[in-house]
Visitor: 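Dropping the structure in here first, questions after.
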Amino acid sequence: MKNKEVAGILGKIADLYEIKGGESFRVRAYRSAIAQIENMGEDIEDVAARGELESIPGVGKATAEKVRDIIETGTTARFEELKSRIPETLTDLLQIPDIGPSTVRMLWQRLGITSMDDLAQAAKDHRIRDETSFGEKGEAQILRNMEMLREHGHRLSLGVVLPMAEDVIARLKETGLVKQIGQGGSLRRRKDTIGDIDIVAETSDPKALSEAFTRLPQVQQVIESGATMTSVLTKSGLRMDIRIAEPGHFGAMLHHFTGSKYHNIHLRGMARDMGLTMNDYGVHRIDTSETVVPGKDEEEIYRVLGLPLIPVELREDRGEIEAAMEGRLPKLIEQGDIKGDLHVHTSTSDGKNTLEEMVEAARQKGYRYLAICDHTITHGVTEERLLAQIEEIRRLNQERRTKNHERPRLLAGAEVHIRRDGSLELDSRLLDKLDIVVGSVHQRYKMDKHQMTERIVKGIETGWLDILAHPIGRLINRRDPMEINFDKVLDAARAHSTALEMNTYPDRLDLNDIYARMAKEHGVKLAIDSDAHAIGELATLRYGVMLARRGWLEADDVLNTLAFDDLLEYLQTRRSRLLVPA
DNA sequence: GCCGTTTTCGGCCCGACTGTTTTCAGTCG
């Protein structure tokens, strides 16, 4: 039973309580426990096995007992009892924009609606306008919102959404109306998937800025517009909001709309204990309403609470506030720490650019090294072409010594498929000629958990894998993660000094922050690689740095922050230790 | 349902926008 599944059932219980009504604080407690369980690095089953569920923040005696029930039996008495009184399918309706628990309850009690299909039919039959306070407009809006959920109800990759937001911000800057502008929400916190775009801006002309915002070429439709916020639907189906701060309050507004919700709730609780209240216009005394700081920047807000500025990527209430209080915030990895890319392809296999073009692009990025890892036999190079490529790489490195000193050094590598039985599809005679070996699963993703874990662990135990590429195997919105026991993979990776990849291909973002933090805590190194199949894709590596920061990673945790000589020594030492000739 | 640097009971973050509104509930972030 995965954390996601346990959280899913607790979420249903919370949903059913909300539809029932009158349980707002109980619901809040559930939601807070759910957020912790979804975001914790560890398998909830392991925590339960150790009897430490109640050490999870927000999980008390009652929730711990339900979690144990769910792990053991797949459900819990409270859930069954609620379902017997309130149709479970009602919780689906909560996904529809602008439909909340009160509306669901009303639709159910007054019209007998219990599912999406019921609701669509009732709207088409005009029963909603006739028998509820929703008018004709409201009824049409429900149908539109259901359509929107069907079409765009999913979250998009950070690698897709961030460039869109950057373009919007550049255009708004061009208007000359903004004094300060930035991203907010989960986008600014660099979550791997994004549900909507939040923008925060300071201007002396809110009306003109709102109008400029709604006239952007990306905008399909204006959803709502007021004095301090305007919300639109973009042509790509993403909701996009702009919040407008009064001069002098940009930091407070930015902080408020960066979140996360639970980070903010935690901070507001601290403020409350100090007799203070926080909102998007600064920090104020509760008794006199006197403004303590207006929130011109974010530092100001944290300072009032006695805290250093907490990096945006950490603001999830996953221990960052406690770490900040105790002065032990990590020194997070930065883009500039990256010295090279250890997983790129060329036209020798399925890449779009030649070896020379990839090298030149890497040089322009200032990389000190680049590992060429084309797919092996099944997916790409033949033995002859691989040998020829190794020759070419040696020649280029030789040439670099006499001229082109600024060119990155090249590592001869391959991306080797891990077969169903855990063997590698390249034999050791060829593997031994390579400087670096990246292993990955590229076929048969749907093995059961035990078999898939065995397969990957055996692959690692061959001793050849310097890096395990895209370890989880998901494609965002297209393919679910593989079923694996991640703890066992981590144990094997640590024992064999195999680094786990943070693959920054926008469809993958694999590993993400949560798994990366787990790896770090297991003493396993990470490698942030673009898996670029074209020169333009080298730049996606920044998404990996963002997710690494969310995973609390420091430069030392990441293989490709090493200087070239240190990297080479690391690889050679590793291989000589694990692959002593028999 | 959780939690405690006055607490094991009595609190629990805060505000904008919409329209089912004319003073407020529902939804959202």
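Values in this document were obtained by computation on a predicted structure and should not be read as measured data. Residue numbers start from 1 in every chain, and the chains themselves are labelled A, B, ... in the order their sequence lines are given, proteins ahead of strands.
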Visitor: Let me know which of Arg550(A), Arg474(A), Arg517(A) forms a side chain to side chain contact (heavy atoms under 4.5 Å, CB included) with Asn512(A).
Guide: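 When Arg550(A), Arg474(A), Arg517(A) are each tested with Asn512(A), the side chain to side chain contact (heavy atoms under 4.5 Å, CB included) holds only for Arg474(A).
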Visitor: Looking at Arg272(A), I'd like to know whether one of its side-chain N or O atoms comes within less than 4.0 Å of OP1 or OP2 on dG11(B).
Guide: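 Negative; the distance criterion is not met.
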Visitor: Please report the distance separating the C1' of dT20(B) from the corresponding atom of dT27(B), rounded so that it comes out in whole Å.
Guide: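 My reading of the C1' atoms in dT20(B) and dT27(B) gives 12 Å.
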Visitor: Whole Å only: how far is the NE2 atom of His284(A) from the P atom of dG15(B)?
Guide: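 So the NE2-P distance, His284(A) to dG15(B), works out to 8 Å.
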Visitor: Take atom CD1 of Ile142(A) and atom P of dG26(B), then tell me their distance rounded to the nearest Å.
Guide: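 After rounding, the reported distance stands at 15 Å.
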Visitor: If you pin Gln95(A) and Tyr30(A) to their nearest nucleotides in DNA chain B, which one's is more 5'?
Guide: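 By nearest-heavy-atom nucleotide position, the 5'-most residue is Tyr30(A).
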Visitor: Can you check whether Phe25(A) stacks with the dC2(B) base, using ring centres under 5.5 Å and planes within 30°?
Guide: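 The ring of Phe25(A) is not stacked on dC2(B).
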Visitor: Which nucleotide, in any strand shown, forms a Watson-Crick or G-U wobble pair with dT8(B), with both distances under 3.5 Å?
Guide: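 Result: none.
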Visitor: Looking at every heavy atom in both Ser157(A) and Ile476(A), which two are closest together, and how far apart are they?
Guide: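 Closest pair (atom of Ser157(A), atom of Ile476(A), distance): CB-CD1, 3.7 Å.
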Visitor: Taking Ser186(A) for the side chain and Arg189(A) for the main chain, is one N or O donor matched with an acceptor at less than 3.5 Å?
Guide: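 No, because the side chain of Ser186(A) does not come within donor-acceptor range (under 3.5 Å) of the backbone of Arg189(A).
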Visitor: Please figure out whether Arg78(A) or Pro97(A) has its closest DNA chain B nucleotide nearer the 5' end.
Guide: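 The residue mapped nearer the 5' terminus is Arg78(A).
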Visitor: Between Asp167(A) and Arg171(A), is there a side-chain N and carboxylate O pair less than 4.0 Å apart?
Guide: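 A salt bridge links Asp167(A) with Arg171(A).
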Visitor: Regarding His256(A), tell me which of base, sugar-phosphate or nothing describes its non-hydrogen contacts under 4.0 Å with the strands shown.
Guide: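 Base, at least one base heavy atom under 4.0 Å.
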Visitor: Are any of the side-chain heavy atoms of Glu334(A) and Val545(A) separated by less than 4.5 Å?
Guide: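 In short, these two side chains do not touch, never coming nearer than 4.5 Å.
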Visitor: Does Glu147(A) come within less than 4.0 Å of Arg144(A), counting only side-chain N to carboxylate O?
Guide: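 No salt bridge links Glu147(A) with Arg144(A).
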Visitor: Could you tell me the separation between the NE2 atom of His249(A) and the P atom of dG15(B), rounded to a whole number of Å?
Guide: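 Between P of dG15(B) and NE2 of His249(A): 13 Å.
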Visitor: With a 4.0 Å limit, can you tell me whether Ser102(A) has a side-chain N or O closer than that to the phosphate oxygens OP1/OP2 of dT27(B)?
Guide: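 Ser102(A) to dT27(B) OP1/OP2: side-chain N or O found under 4.0 Å.
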Visitor: Taking all heavy atoms of Gln335(A) and all of Leu541(A), pick out the closest pair and write down the distance.
Guide: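 Closest heavy-atom pair between Gln335(A) and Leu541(A): NE2-CD2, 4.2 Å.
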Visitor: Is the shortest distance from a Lys or Arg side-chain nitrogen in Asp205(A) or Lys179(A) to a carboxylate oxygen in the other one below 4.0 Å?
Guide: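 Looking at Lys179(A) together with Asp205(A), the answer is no, because their closest N to O distance does not fall below 4.0 Å.
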Visitor: What nucleic acid atoms does Ile128(A) come within less than 4.0 Å of, heavy atoms only: base, sugar-phosphate, or nothing?
Guide: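 No contact.
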Visitor: Grab the N/O contacts between the protein and nucleotides 16-20 of chain B below 3.5 Å, and write none if there aren't any.
Guide:
| from | atom 1 | to | atom 2 | distance (Å) |
| --- | --- | --- | --- | --- |
| dA16(B) | O3' | Thr228(A) | OG1 | 3.0 |
| dC17(B) | OP1 | Ala227(A) | N | 2.7 |
| dC17(B) | OP1 | Thr228(A) | N | 2.8 |
| dC17(B) | OP1 | Thr228(A) | OG1 | 3.4 |
| dC17(B) | OP1 | Met229(A) | N | 3.4 |
| dT18(B) | OP1 | Ser225(A) | N | 2.9 |
| dT18(B) | OP1 | Ser225(A) | O | 3.3 |
| dT20(B) | O4' | Ser133(A) | O | 2.5 |

Visitor: Polar-atom pairs under 3.5 Å, protein N or O versus N or O of nucleotides 3-5 of chain B: list them with distances, or write none.
Guide:
| from | atom 1 | to | atom 2 | distance (Å) |
| --- | --- | --- | --- | --- |
| dC3(B) | OP1 | Gly58(A) | N | 2.9 |

Visitor: Under a 4.0 Å threshold between the charged nitrogen and the carboxylate oxygen, would Glu23(A) count as salt-bridged to Arg78(A)?
Guide: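 Looking at Arg78(A) and Glu23(A), the cut-off is not met.
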